Amino acid sequence: MKIQEAKYVMSNSDYEKCPPPDMPEYAFIGRSNVGKSSVINMLTGKKSLAKTSQQPGKTQLINHFEINNAWYLVDLPGYGYAKVSKAEREKWEKMIGDYLHNRENLVCIFVLVDIRHSALAADLEFMAGLGEAGLPFHIIFTKADKLKAYQVDIQVAAYSKKLAELWEEIPPLFVTSAEKNEGREPILKAIETYNDTFSANKK
Ligand code: GTP
Ligand code: MG
């Protein structure tokens, strides 16, 4: 799929104020600083579409980007950032939970994990929550440039093994490096397939 147009639409804290749910939507979520905003920029080919930062906790709202006038990418705040207060964290959790559970055009969620880490409880718990709610998700490994190719394979195999212990069927896995602009096509292909199904169901 070619990205012809990628534009920022709006940011807000309330899913009910998001754009009308008339186009398929894909949300990017994961621990703070994992590289969500960077992957969105890589996918759209626009370096500063979503704001990135070396400091965790950069993205704080539900951010909508409209692609090709046909679908939405959504950049979400990260979870698991230790430096925010409990009250702040609970506010974020409610905002994200309400969005994920109520957004009717949300087709699939991409959960991002840092390829360098073994499966973290916070991520596995988050995925378990999605599974319980019947929300489909895929996993994107980020920052693959930080490891050698053989180490990437080892990490993916170990993660798959862990997932296989927890799930009957493991979700699709994608390996990316926003730094090296790698891993873009398979993700766009998956989105394209979902988009086709979404419009077929609408007819
Ligand atoms: P929050 O919005 O704070 O939750 O973070 P985020 O998940 O959106 O992460 P962001 O995209 O802002 O990236 C965090 C840091 O990781 C930035 O310094 C990025 O440059 C860096 N980063 C992101 N992706 C990659 C990657 O593929 N490779 C490398 N080496 N660094 C990356
Ligand atoms: Mg971000």
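When a ligand or atom number is given, it counts from 1 through the structure's own listing order. Computation of the quantities below employed the complete heavy-atom set of this structure, encompassing side-chain atoms and omitting hydrogens, waters and symmetry-equivalent molecules. No experiment lies behind these values; they were computed from the predicted model shown.
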Next item on the list: Please confirm whether Lys143 comes within less than 3.5 Å of ligand 1 when only nitrogen or oxygen atoms on both sides are compared.
Entry: yes
Next item on the list: Please say whether Ala178 places an N or O atom under 3.5 Å from an N or O atom belonging to ligand 1.
Entry: yes
Margin query: Quick test of your reading of the model: are Glu25 and Arg103 salt-bridged, counting only N-O distances below 4.0 Å?
Written below: yes
Next item on the list: Could you say whether the N/O atoms of Asp75 and ligand 1 ever approach to under 3.5 Å?
Entry: no
Check: N/O of Thr142 under 3.5 Å from N/O of ligand 1, yes or no?
Finding: no
Next item on the list: Run the ring-centre check on Tyr79 versus Phe126 and record whether the distance is less than 6.0 Å.
Entry: yes
Notebook entry, point to check: How far is atom 4 (O) of ligand 1 from its nearest protein heavy atom, and which residue and atom name does that atom have?
Noted result: Lys36 NZ, 2.9 Å
Check: Is there an N/O/S atom in Asn33 that lies less than 2.8 Å from the Mg ion (ligand 2)?
Finding: no
Margin query: Using a 3.5 Å cut-off on N or O atoms only, is Val34 in polar contact with ligand 1?
Written below: yes
Check: Going by distance alone, is a donor N or O of one side chain under 3.5 Å from an acceptor N or O of the other, for Asn33 and Arg31?
Finding: no
Note to self: Checking the N or O distance criterion of under 3.5 Å, is ligand 1 in contact with Ser38?
What the structure shows: yes
Checklist line | Protein residue, atom and distance nearest to atom 12 (O) of ligand 1, heavy-atom basis | finding: Ser53 N, 3.0 Å
Next item on the list: Test side-chain contact (heavy atoms from CB on, under 4.5 Å) on Thr176 and Met42 and set out the steps.
Entry: CA-CA 9 Å; Thr176 63; Met42 176 182 76; 4.0 Å; yes
Notebook entry, point to check: Would His138 and Tyr194 count as having a side-chain donor-acceptor pair, cut-off 3.5 Å?
Noted result: yes
Note to self: Under a 4.0 angstrom heavy-atom cut-off, which atoms of ligand 1 come close to Ser177?
What the structure shows: 27 (O)
Next item on the list: Just jot down the ligand 1 atoms closer than 4.0 angstrom to any heavy atom of Gly78, in number order.
Entry: 4 (O)
Checklist line | Shortest protein contact, atom 2 (O) of ligand 1 (heavy atom only) | finding: Thr59 OG1, 2.7 Å
Notebook entry, point to check: Counting only heavy atoms not in Glu165, do more than 12 fall under 6.0 Å of its CD?
Noted result: yes
Margin query: For ligand 1, which is the ligand I care about here, please tell me if Asn33 has any N or O atom under 3.5 Å from one of the ligand's N or O atoms.
Written below: yes
Check: Which residue supplies the protein heavy atom nearest to atom 28 (N) of ligand 1, what is that atom called, and how far is it?
Finding: Asp145 OD1, 2.7 Å
Note to self: What I want to find out is whether Glu90 reaches Lys86 closely enough, with some N-O distance under 4.0 Å, to be called a salt bridge.
What the structure shows: yes
Notebook entry, point to check: With a 3.5 Å cut-off and no angle check, do the side chains of Asn195 and Tyr26 form a donor-acceptor pair?
Noted result: yes
Check: Mind checking whether Gln155 and Phe141 have side chains closer than 4.5 Å, heavy atoms only?
Finding: no
Notebook entry, point to check: Can a donor-acceptor pair be found between the side chains of Ser37 and Asp75 at a distance below 3.5 Å?
Noted result: yes
Next item on the list: Answer side chain, backbone, both or neither: which part of Lys180 comes under 4.0 Å from ligand 1, heavy atoms only.
Entry: neither
Margin query: Does ligand 1 come near enough to Gly35 that some N or O of the ligand is less than 3.5 Å from an N or O of the residue?
Written below: yes
